Amino acid sequence: MKHFSDAASDTHLLVLRKGEEIMQQLSAFATEQRLPGAWVDIVGGAAGATLGYFDPTAREYRWRTYDEPLEITGLHGNLAYVDGAATWHVHGTFARSDYSVIGGHVKECPIGLTGEILLTTRRDRLTRVFDDETGLKLLSEA
(Lines give C-alpha, C1' and ligand atoms only; values in the text may rest on other atoms or scores of the structure.)
Protein backbone atom coordinates (compact mmCIF):
# COMPACT_ATOMS: atom_id res chain seq x y z
CA MET A 1 0.00 0.00 0.00
CA LYS A 2 1.17 3.50 -0.83
CA HIS A 3 0.19 6.39 1.45
CA PHE A 4 0.06 10.10 0.62
CA SER A 5 -0.97 12.54 3.37
CA ASP A 6 -2.36 16.07 3.24
CA ALA A 7 -2.22 17.40 6.81
CA ALA A 8 -3.78 20.74 5.85
CA SER A 9 -7.05 19.01 4.89
CA ASP A 10 -6.92 15.99 7.23
CA THR A 11 -7.01 13.64 4.24
CA HIS A 12 -5.02 10.60 3.23
CA LEU A 13 -4.77 8.92 -0.14
CA LEU A 14 -4.11 5.19 0.06
CA VAL A 15 -3.34 3.18 -3.07
CA LEU A 16 -3.83 -0.56 -2.67
CA ARG A 17 -2.18 -3.15 -4.91
CA LYS A 18 -3.47 -6.39 -6.38
CA GLY A 19 -4.12 -8.98 -3.66
CA GLU A 20 -4.45 -6.53 -0.74
CA GLU A 21 -7.77 -6.78 1.10
CA ILE A 22 -9.55 -3.44 1.60
CA MET A 23 -11.08 -4.02 5.05
CA GLN A 24 -7.84 -5.44 6.47
CA GLN A 25 -5.82 -2.53 5.07
CA LEU A 26 -8.27 0.03 6.44
CA SER A 27 -8.14 -1.58 9.89
CA ALA A 28 -4.34 -1.71 9.91
CA PHE A 29 -4.10 1.92 8.81
CA ALA A 30 -6.59 3.07 11.49
CA THR A 31 -4.55 1.26 14.17
CA GLU A 32 -1.18 2.54 12.93
CA GLN A 33 -2.41 6.13 12.66
CA ARG A 34 -4.53 5.96 15.84
CA LEU A 35 -7.49 7.48 14.03
CA PRO A 36 -10.35 8.68 16.26
CA GLY A 37 -12.80 8.43 13.34
CA ALA A 38 -12.87 8.83 9.57
CA TRP A 39 -14.95 8.86 6.39
CA VAL A 40 -13.83 6.90 3.36
CA ASP A 41 -14.49 6.87 -0.40
CA ILE A 42 -13.02 4.11 -2.61
CA VAL A 43 -12.85 3.29 -6.35
CA GLY A 44 -10.89 0.66 -8.27
CA GLY A 45 -11.05 -2.98 -9.27
CA ALA A 46 -11.81 -5.99 -7.05
CA ALA A 47 -11.06 -9.68 -7.45
CA GLY A 48 -14.37 -10.40 -5.74
CA ALA A 49 -16.35 -9.36 -2.68
CA THR A 50 -18.36 -10.64 0.26
CA LEU A 51 -21.42 -8.43 0.67
CA GLY A 52 -24.22 -8.33 3.19
CA TYR A 53 -27.80 -7.23 3.42
CA PHE A 54 -29.21 -6.48 6.88
CA ASP A 55 -32.53 -8.27 7.26
CA PRO A 56 -34.55 -6.02 9.62
CA THR A 57 -36.99 -8.80 10.54
CA ALA A 58 -34.32 -11.35 11.47
CA ARG A 59 -32.01 -8.56 12.72
CA GLU A 60 -29.00 -10.15 11.10
CA TYR A 61 -26.86 -9.81 8.00
CA ARG A 62 -27.29 -12.21 5.10
CA TRP A 63 -23.90 -12.66 3.39
CA ARG A 64 -23.09 -13.56 -0.20
CA THR A 65 -19.66 -13.99 -1.77
CA TYR A 66 -19.03 -12.99 -5.39
CA ASP A 67 -15.94 -14.71 -6.76
CA GLU A 68 -15.45 -12.76 -9.98
CA PRO A 69 -13.68 -9.61 -11.17
CA LEU A 70 -15.69 -6.51 -10.22
CA GLU A 71 -15.36 -2.82 -10.97
CA ILE A 72 -15.61 -0.87 -7.71
CA THR A 73 -18.00 1.91 -8.71
CA GLY A 74 -18.10 3.28 -5.19
CA LEU A 75 -17.42 2.24 -1.61
CA HIS A 76 -18.37 4.67 1.12
CA GLY A 77 -18.28 4.43 4.86
CA ASN A 78 -16.84 5.45 8.19
CA LEU A 79 -14.67 4.43 11.09
CA ALA A 80 -16.18 4.48 14.57
CA TYR A 81 -15.58 2.66 17.86
CA VAL A 82 -17.80 -0.17 19.08
CA ASP A 83 -17.16 -1.25 22.67
CA GLY A 84 -13.72 0.39 22.43
CA ALA A 85 -12.72 -1.36 19.18
CA ALA A 86 -12.16 0.49 15.89
CA THR A 87 -14.83 -0.73 13.43
CA TRP A 88 -15.28 0.13 9.75
CA HIS A 89 -18.80 0.41 8.33
CA VAL A 90 -18.53 0.35 4.53
CA HIS A 91 -21.19 -0.05 1.84
CA GLY A 92 -20.39 -0.55 -1.81
CA THR A 93 -21.60 -0.88 -5.35
CA PHE A 94 -19.82 -3.03 -7.91
CA ALA A 95 -20.24 -3.47 -11.67
CA ARG A 96 -20.03 -6.90 -13.24
CA SER A 97 -18.68 -7.67 -16.72
CA ASP A 98 -22.25 -7.62 -18.10
CA TYR A 99 -22.71 -4.08 -16.66
CA SER A 100 -25.18 -5.21 -14.04
CA VAL A 101 -24.62 -3.78 -10.56
CA ILE A 102 -24.54 -5.44 -7.15
CA GLY A 103 -24.08 -3.85 -3.76
CA GLY A 104 -24.35 -4.08 -0.01
CA HIS A 105 -22.45 -3.95 3.26
CA VAL A 106 -18.80 -4.83 2.54
CA LYS A 107 -17.30 -7.62 4.65
CA GLU A 108 -14.34 -8.53 2.40
CA CYS A 109 -13.01 -7.09 -0.82
CA PRO A 110 -9.66 -8.21 -2.22
CA ILE A 111 -8.13 -5.88 -4.79
CA GLY A 112 -7.97 -7.28 -8.33
CA LEU A 113 -6.24 -4.35 -10.02
CA THR A 114 -5.94 -1.29 -7.79
CA GLY A 115 -7.84 0.42 -5.00
CA GLU A 116 -7.77 4.19 -4.59
CA ILE A 117 -8.92 5.33 -1.18
CA LEU A 118 -9.62 8.88 -0.06
CA LEU A 119 -9.81 8.92 3.72
CA THR A 120 -10.86 12.03 5.66
CA THR A 121 -9.98 11.86 9.34
CA ARG A 122 -11.92 13.33 12.23
CA ARG A 123 -10.44 15.03 15.25
CA ASP A 124 -13.23 13.82 17.54
CA ARG A 125 -13.86 10.15 18.24
CA LEU A 126 -16.87 8.52 16.61
CA THR A 127 -18.69 5.77 18.50
CA ARG A 128 -21.54 3.35 17.81
CA VAL A 129 -24.11 2.27 20.37
CA PHE A 130 -26.71 -0.50 20.09
CA ASP A 131 -30.18 0.77 19.19
CA ASP A 132 -33.08 -1.42 20.40
CA GLU A 133 -35.51 -0.16 17.75
CA THR A 134 -33.38 -1.09 14.72
CA GLY A 135 -31.14 -3.82 16.12
CA LEU A 136 -28.11 -1.94 14.77
CA LYS A 137 -25.19 -0.16 16.38
CA LEU A 138 -25.76 3.46 15.35
CA LEU A 139 -23.47 6.49 15.44
CA SER A 140 -23.69 8.26 18.78
CA GLU A 141 -22.23 11.30 20.50
CA ALA A 142 -21.21 9.08 23.43
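When a residue number appears, it is its place in the shown sequence, counting from 1. In this text the structure is predicted, and so the values were computed from the model without any measurement.
No donor-acceptor distance shorter than 3.5 angstrom exists from the side chain of Glu71 to the backbone of Gly45, with no hydrogens or angles considered. The backbone N or O of Arg17 sits less than 3.5 Å from a side-chain atom of Glu20, completing a donor-acceptor pair. Proximity of a side-chain donor or acceptor of Thr114 to a complementary backbone N or O of Leu16 within less than 3.5 Å is detected.
Leu14 and Leu113 fall into different hydrophobic clusters, where Ile, Leu, Val, Met, Phe, Trp and Tyr side chains are chained together by heavy-atom contacts under 4.5 Å.
Considering only heavy atoms from C-beta on, Ile72 stays 4.5 Å or farther from Glu116 through its side chain. The closest side-chain heavy-atom distance from Thr11 to Leu118 is below 4.5 Å. Put simply, the side chain of Thr121 reaches to within 4.5 Å of the side chain of Leu119, judged on heavy atoms. Contact check for Ile22 versus Ile111: side-chain heavy atoms found under the 4.5 Å cut-off. Contact of the Leu51 side chain with the Val106 side chain is registered, since non-hydrogen atoms from C-beta on lie closer than 4.5 Å. Using a 4.5 Å heavy-atom threshold, the side chains of His105 and Tyr53 count as separate. Contact of the Lys107 side chain with the Met23 side chain is not registered, since no non-hydrogen atoms from C-beta on lie closer than 4.5 Å. A 4.5 Å side-chain heavy-atom check between Arg122 and Asn78 finds every atom pair outside the cut-off.
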Distance-only criterion, 3.5 Å: show the donor-acceptor pairs between side-chain atoms of residues 86-96 and protein atoms not counting sequence neighbours.
from  : atom 1 : to     : atom 2 : distance (Å)
Thr87 : OG1    : Ala85  : O      : 3.1
Trp88 : NE1    : Leu26  : O      : 3.2
His89 : ND1    : Arg128 : NH2    : 3.1
His89 : NE2    : His91  : NE2    : 3.1
Thr93 : OG1    : Thr73  : OG1    : 2.6
Arg96 : NE     : Glu68  : OE1    : 3.1
Arg96 : NE     : Glu68  : OE2    : 3.4
Arg96 : NH2    : Glu68  : OE2    : 3.0

Can you give each donor-acceptor pair under 3.5 Å made by side-chain atoms of residues 29-43, sequence neighbours left out, with the distance rounded to 0.1 Å?
from  : atom 1 : to    : atom 2 : distance (Å)
Thr31 : OG1    : Ser27 : O      : 3.1
Asp41 : OD1    : His76 : ND1    : 2.7

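In this structure, the separation between OG1 on Thr50 and CZ on Arg64 is 11.5 Å, given to the nearest 0.5 Å. Put simply, CG on Leu13 and CD1 on Ile117 are 8.5 Å apart, with the number rounded to the nearest 0.5 Å.
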Assess whether side chain to side chain contact (heavy atoms under 4.5 Å, CB included) is satisfied between Asp83 and Lys137, documenting all intermediate values.
CA-CA 10 Å; Asp83 301 324; Lys137 293 179 181 172; 4.0 Å; yes

Legend entry - Worked check of side chain to side chain contact (heavy atoms under 4.5 Å, CB included) between Arg123 and Asp10: CA-CA 9 Å; Arg123 294 166 201 243; Asp10 293 324; 2.6 Å; yes

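Here the closest heavy-atom approach between residue Arg62 and residue Ala58 is recorded as NH2-CB, 3.8 Å. Heavy atoms only, all atoms of each residue included: Ala46 and Cys109 are closest at CB-SG, 3.6 Å.
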